[in-house]
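Since the structure comes first, as structure tokens, the remarks are kept for the end.
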Amino acid sequence: MSNRLIVESKNDKFFIQAMVKYLNISNVDILEIKVTENDYLDLDGLSVVSLERELKTIEADAQKSYINKVGIILDADDSYLKNLHKINEALAKVFPNNQKIEKINYFTAIHSISFEDPIQIACYFVNVSGIGELEKLLKEIKAKDSTYADCLGSWQVCLQQNGKNPVSSKDFDKFWISNYLRFDTCSNRDKKQSERKCSMSGFSYVMTEKLDIWNFEHPALNELKEFLKLFD
């Protein structure tokens, strides 16, 4: 018997792996949604087709061994309802004639002729106050001095004062995290390998070797923790 978590990207996987380990949850496999360039041609954000592929993998695996629970963790973005619709669209294609997921953090039983016992499926959307994505959540739970990253706020003001449009909130959060990792929390030793140890491209290292730069007891994580505990 095993449980599965489907996450939106490789970096989401590294983050959720750290959360699962922090909560001492075992027997959970974490799968990242693999996308191709064609998946995004006609869709805004997450591709339904790419999510379908992960669900089909789970369907195939369930024929070989018992899968009890499946969790789908996506970004809330500007509204989680859009991505909830995509989840239900993908589920309807892979597992037709089943009930839709109506709300987050609650299991819905999914039946299929491919496996004997139903799989319990639930979803959660990474957010801060109802919106956002991984970078916004990371910004919220930072645990170290963030002067270099925080000064980007003055840069935004400077852009406006010079007639330039400020960057979007999403891009700003990504830029903020990049600066936090590169300048606020990168040790002198790690600066010699900053791309691997102090950047989002080296997020695997960050989420295994530098966990002290995040506050895993921050209230912003409470809802996510409750969701993950459903798979304990």
Side-chain angles (χ1 to χ4, degrees), residues 4-20 22-23 28-55 58 70-91 100-106 108 121-142 149 167-181 199-201 203-204 206-207 214-216 218-231:
R4 302 290 175 86
L5 292 173
I6 300 174
V7 299
E8 195 161 345
S9 72
K10 179 171 62 177
N11 284 341
D12 288 285
K13 179 178 179 179
F14 297 143
F15 175 69
I16 295 299
Q17 281 177 330
M19 288 294 303
V20 165
Y22 183 80
L23 296 171
V28 176
D29 295 324
I30 304 174
L31 312 174
E32 64 182 273
I33 296 175
K34 296 177 175 62
V35 299
T36 68
E37 186 176 330
N38 291 334
D39 289 338
Y40 287 93
L41 290 179
D42 300 314
L43 293 164
D44 176 23
L46 174 74
S47 163
V48 174
V49 173
S50 61
L51 181 54
E52 281 181 50
R53 282 198 294 268
E54 300 307 320
L55 291 172
I58 288 174
V70 172
I72 303 174
I73 302 176
L74 306 178
D75 292 336
D77 295 323
D78 55 350
S79 171
Y80 77 87
L81 293 176
K82 178 176 64 177
N83 282 339
L84 178 60
H85 175 75
K86 290 181 179 180
I87 290 173
N88 280 320
E89 183 178 346
L91 284 171
K100 290 183 177 181
I101 296 177
E102 299 291 344
K103 53 184 177 179
I104 65 172
N105 290 17
Y106 286 90
T108 298
I121 293 187
C123 65
Y124 178 80
F125 299 93
V126 174
N127 74 91
V128 176
S129 300
I131 61 172
E133 55 286 309
L134 176 62
E135 287 80 6
K136 181 175 284 295
L137 182 59
L138 291 174
K139 183 171 180 282
E140 188 75 8
I141 67 169
K142 65 95 179 180
V167 299
S168 68
S169 175
K170 183 174 183 176
D171 286 337
F172 181 84
D173 289 339
K174 291 179 182 294
F175 198 18
W176 192 99
I177 291 298
S178 293
N179 278 267
Y180 180 63
L181 295 178
S199 72
M200 288 301 283
S201 61
F203 200 53
S204 175
V206 171
M207 294 310 299
W214 316 112
N215 176 12
F216 285 95
H218 195 287
L221 294 174
N222 288 349
E223 192 177 63
L224 174 58
K225 287 179 180 178
E226 289 304 310
F227 179 77
L228 294 175
K229 288 176 182 176
L230 295 175
F231 299 85

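Note that the coordinates shown come from a computational prediction; the quantities given were computed from them, not determined experimentally.
Contacts of Asn127 classified as side-chain contact (heavy atoms from CB on, under 4.5 Å), with partners at least two apart in sequence or in another chain: Ala76, Tyr124, Glu223. Residues passing the side chain to side chain donor-acceptor pair (under 3.5 Å) test with Asn105: none are found, sequence neighbours excluded. In this structure Ser169 satisfies the side-chain contact (heavy atoms from CB on, under 4.5 Å) test together with Lys136, Asp173, sequence neighbours excluded. For Phe172, the ring pair (Phe, Tyr, Trp, His ring centres under 6.0 Å) test picks out no residue, with sequence neighbours left out. Under the rule for a ring pair (Phe, Tyr, Trp, His ring centres under 6.0 Å), the partners of Tyr180 that lie at least two apart in sequence or sit in another chain are Trp176, Trp214. For Ser168, the side-chain contact (heavy atoms from CB on, under 4.5 Å) test picks out Lys170, Asp171, with sequence neighbours left out. Remark: His218 pairs with Glu140, Ile141, Asn215, Ala220 by the side-chain contact (heavy atoms from CB on, under 4.5 Å) rule, at least two apart or across chains. The side chain to side chain donor-acceptor pair (under 3.5 Å) check on Asn88 picks up nothing, with sequence neighbours excluded. Evaluation of the side chain to side chain donor-acceptor pair (under 3.5 Å) rule for Ser9 yields Asp12 as partners, not counting sequence neighbours. Judged as a salt bridge (Lys or Arg N to Asp or Glu O under 4.0 Å), and not counting sequence neighbours, the contacts of Glu135 are Lys174. For Thr108, there are no side chain to side chain donor-acceptor pair (under 3.5 Å) partners at least two apart in sequence or on another chain. Here Tyr106 pairs with nothing under the ring pair (Phe, Tyr, Trp, His ring centres under 6.0 Å) rule; sequence neighbours left out.
When each of Ile72, Val70, Leu228 is paired with Leu5, the side chain to side chain contact (heavy atoms under 4.5 Å, CB included) condition holds for Leu228 and for no other.
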Stepwise side chain to side chain contact (heavy atoms under 4.5 Å, CB included) check, Glu32 with Glu54:
CA-CA 8 Å; Glu32 64 182 273; Glu54 300 307 320; over 6 Å; no

